[in-house]
Amino acid sequence: MSEEKLISVTFSDGVERRYPAGTSLFDIVAEIDLGSNVPLVARVDGRLVDLSTPVTSDCAVKLLSFESPEGKGVYWHSTSHILAQAVKELFPEAKLGVGPSIENGFYYDFDVQNPFSPGDLEKIEERMRRIVKADLPFRRKEVSRAEAQRLFTSKGEDYKVELIEELDAEEQPIIYQQDGFIDLCRGPHLPSTGYIKAFKLLSSSGAYWKGNERNPMLQRIYGISFPEQKQLDEYLSKLEEAKRRDHRRLGQELDLYSVHEDVGAGLIHWHPNGAVIRNVIEEFWKEEHWKRGYKLVYTPHIASERIYQISGHIENYSDLMYSPMDIDGIPYRLKPMNCPGHILIFKTRQRSYRDLPIRYAELGTVYRYERSGVLHGMLRVRGFTQDDSHIFCTEEQLPDEIVGVLDLVQFMMDTFGYSYKAYLSTRPEKSIGSDEAWEKATNTLRMTLEKMGLDYQVDPGEGVFYGPKIDIELEDALGREWQGPTIQVDFNLPERFDINYIGQDGREHSVVMIHRTVLGAMERFIGGLIEHYGGAFPVWLAPIQVAIIPITDVQMEYSERVAEALKADLIRVWVDRRSEKIGHKIRDAEIQKIPYMLVVGSREVKEGTLSLRKRGEGDLGSVKLEEFRTRILDEIRKRM
RNA sequence: GCCGAUGUAGCUCAGCAGGCCAGAGCGGCUCACUUGUAAUGAGCAUGUCGGGGGUUCGAAUCCCUCCAUCGGCUCCA
């Protein structure tokens, strides 16, 4: 009997086992009972590999199922290969682009004569089902560069050939094959196509090769897959839920806003209901800024082009600015940003160190040219109102100012029920300012985040050219991320505008300038809020806070009296005077997502009470007017 | 801006292998009902069939073009 060498495999749970050298992970897995947690791939000494990989020396192994991010990624990536195989079988002339896994699912890009139709997607799905059923193994093979070149050139896969040419010199091309389908791919992959239990192709669209708009446009197919049909159904119903919450749909149903072709794309008209929400938020915003030492200012919506030459906006942002209009022979522009105006106000007098910090804040409406294809409801528009502020301070004051802004951010986001993550963006390649200034400011931002105990990630090189920044990402009720507050230090404008202050030493010093927004823009923020709340706004924001529902006309007068009493406290009340059955009125109030309903019948009139009903919760029994008034005012005050 | 799809009543949608007055449901209006916690019934009216141009005896339907919207790409508050 030959001497079989045993090697030691340590699993992630600490268990150590011995196997003959050359045993594949797949065979190892077969011996272990892992319950329903089917392993898909493994990390061997930290490297992600196929289960078909043999273990040849002592190693640490971590088996990964669909429950892990890596497992999901591999699962989806393998599904994309199945998609590609199906497409190649049905459309042999299609050329392959790339087909990675993404945050939710996967895609694959193809160069085809005719874009895919919805009917094509069905046919492709059908073909994919056959490939899954055949349970074809994914086979990995390392090939030489020349071999890979020859192989993909002979297949006419120009894009793959391009990818091979771009491989690092030391990187060896790897191909994966299932059945007759061969793809250039780093892997790893599932053991076989049969692992895919439930999948769906979701959409197709154009996408530029390598994401560059000068490159040819390929046709991309998106899809998703899961180990269980139930998970796919859940995912699809989550998509449905997101659709139900879509701010464009709710904006229409709840009569919040509209956009008009005759006015122009991306320009929002706020209806009374939407305007209430905006007004309440703006009042709250102003109040909070007053409390925190900001001074509110207003600046004009158009300005001579000269100011944007000084600020550098013409130079750096001209493609997002609207063309000039001629006024008395001078070119004027619609305001794309509020900063120059605030700076001019700052500069109207000489500032002493005693004046600083100066915090100017403005709900400033700006207009920016957005390409037609990117417009999206209230979230991506061409005219919007930023909750903008510029803080002018000394270098010493910078840390405290950042703390102040972050504290405001936390307070605001807690009020709206968002959780959030912070990102620190450092110096990009193309930038202005000294190394020293960058380092100082970046460190200040970093130290402040740490001091406040905020979790943050560093985005290296993602800062703006004029300074480092902190971005806050919000997570909404559906777990989706939104771009939120941003705090930017600016080394550029103080220099361009030559803004400074007189220090204690009687000499001029340069001002440190911070741009910051907390909500971003009213349009985008409220569009996001609509989805966050699914249209069911908390009482303090609800356009109509109380619906009073008389059962018959006999209770109309009493109802009106109750309404008047509540209106006196600025509570937004509506009396449903329609000659409808109470069930109908309640249904409509629920659909309109009105937080409170007060049902008034003869019993209530006789007893001088109200029958209280809460949105989504149903009948709460009878209350006295005073009792209800106290309750709702308390909720409004607490911004519940 | 690019690729694809869509655009018919206030809303959601049917009609679109060209051909009598363009339809349904919801909503609206009128009338009746006076109602107890998620849809009372009857009647009436819905309209430059996205805009412009063309083909045709005849266009919501076919072609061209512009606009808007939707899904993506690229870009972004």
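- For Q386(A), counting side-chain heavy atoms from C-beta on, the closest listed nucleotide (A77(B), G71(B), A38(B)) is A77(B).
- For Q555(A) and G36(B), a side-chain-to-base donor-acceptor distance below 3.5 Å is absent, hydrogens and geometry of angles not being considered.
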Would you sketch RNA chain B in dot-bracket for me? Only Watson-Crick or G-U wobble pairs with both distances under 3.5 Å count, crossing pairs as [ ], other-strand pairs as |, the rest as dots.
(((((((..((((.....[...)))).(((((.......))))).....(((((..]....))))))))))))....
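- Between the base of A77(B) and the side chain of E370(A) there is a donor-acceptor pair shorter than 3.5 Å.
- In terms of polar N and O atoms assigned as donor or acceptor, the side chain of R248(A) never comes within less than 3.5 Å of the base of U69(B) in a complementary pairing.
- When the nucleotides C2(B), A38(B), U35(B) are ranked by their closest atom to the side chain of I551(A), U35(B) comes out on top.
- Here E580(A) does not pair with R587(A) in a salt bridge; the nearest charged N to carboxylate O distance is not below 4.0 Å.
- Taking for each of Y369(A) and D619(A) the nucleotide of RNA chain B with the nearest heavy atom, the 5'-most of the two is the partner of Y369(A).
- Between the side chain of E125(A) and the backbone N or O of L201(A) there is at least one donor-acceptor pair closer than 3.5 Å.
- As rounded to the nearest Å, C26(B) and G41(B) have P atoms that lie 9 Å from one another.
- A32(B) and U69(B): their C1' atoms are spaced 42 Å apart (whole Å).
- An OP1 or OP2 oxygen of G1(B) is reached within less than 4.0 angstrom by a side-chain nitrogen or oxygen of S372(A).
- Checking G1(B), U35(B), G36(B) against every side-chain atom of K581(A), the shortest atom distance belongs to U35(B).
- You won't find any donor-acceptor pair under 3.5 Å spanning the side chain of S205(A) and the base of C3(B), going by distance alone.
- One distance of note links CD1 of I345(A) with OG1 of T299(A); it measures 6.5 Å at 0.5 Å rounding.
- With C2(B), U35(B), G71(B) as the candidates, the nucleotide lying closest to the side chain of T552(A) is U35(B).
- Across C2(B) and C66(B), the matching P atoms stand 9 Å from one another, rounded to whole Å.
- R382(A) contributes no side-chain N or O that forms a donor-acceptor pair with the base of C76(B) under 3.5 Å.
- Of the P atoms belonging to G18(B) and G4(B), the separation is 26 Å, rounded to the nearest Å.
- Although no hydrogens or angles enter the test, the distance criterion places no donor-acceptor pair under 3.5 Å between the side chain of H289(A) and the main chain of A361(A).
- Take the nearest nucleotide of RNA chain B for K469(A) and for V600(A): the residue whose nucleotide is more 5' is V600(A).
- Proximity of a side-chain donor or acceptor of W76(A) to a complementary backbone N or O of I224(A) within less than 3.5 Å is not detected.
- A45(B) sits 15 Å from C31(B) when the C1' atoms are compared, rounded to a whole Å.
- Salt bridge E157(A)/K88(A): present, at least one basic N to carboxylate O contact under 4.0 Å.
- Looking at heavy-atom distances under 4.0 Å, G373(A) makes contact with a base.
- Set against A38(B), U35(B), G4(B), the side chain of E590(A) has A38(B) as its closest nucleotide.
- Distance check, rounded to the nearest 0.5 Å: CD of Q488(A) to OG1 of T517(A) gives 9.0 Å.
- Residue R380(A) places a side-chain atom within donor-acceptor reach of the base of C75(B), judged by atom type and a 3.5 Å distance cut-off alone.
- The separation of A38(B) from A42(B), taken at their C1' atoms, amounts to 24 Å, rounded to a whole angstrom.
- Among U69(B), U74(B), A77(B), the nucleotide with an atom closest to any side-chain atom of V374(A) is U74(B).
- Contact annotation: Q219(A) does not reach the phosphate of C3(B) (side-chain N/O to OP1 or OP2, under 4.0 Å).
- Counting any heavy atom pair closer than 4.0 Å across all strands shown, G583(A) reaches sugar-phosphate atoms only and no base atom.
- Note on R631(A) versus E635(A): salt bridge recorded, some NZ/NE/NH1/NH2 to OD/OE distance being below 4.0 Å.
- Atom CD of E241(A) is surrounded by more than 12 heavy atoms from other residues, nucleotides or ligands within 6.0 Å.
- At a threshold of 4.0 Å, the pair K123(A)-D120(A) counts as salt-bridged, since one of the basic side-chain nitrogens sits closer than that to a carboxylate oxygen.
- In this structure, R292(A) pairs ionically with E288(A), as a charged nitrogen and a carboxylate oxygen lie closer than 4.0 Å.
- Separating the C1' atom of C49(B) from that of G15(B) is a span of 10 Å, rounded to the nearest Å.
- Within 4.0 Å (heavy atoms only), V381(A) reaches at least one base atom of the nucleic acid.
- Comment: E523(A) engages R278(A) in a salt bridge, judged by a side-chain N to carboxylate O separation of less than 4.0 angstrom.
- Closest to the side chain of E261(A), out of A77(B), C67(B), C2(B), is C67(B).
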Any N/O pairs under 3.5 Å between the protein and nucleotides 13-17 of chain B? List them or say none.
none

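- The C1' atoms of G7(B) and U48(B) are separated by 15 Å, rounded to the nearest whole Å.
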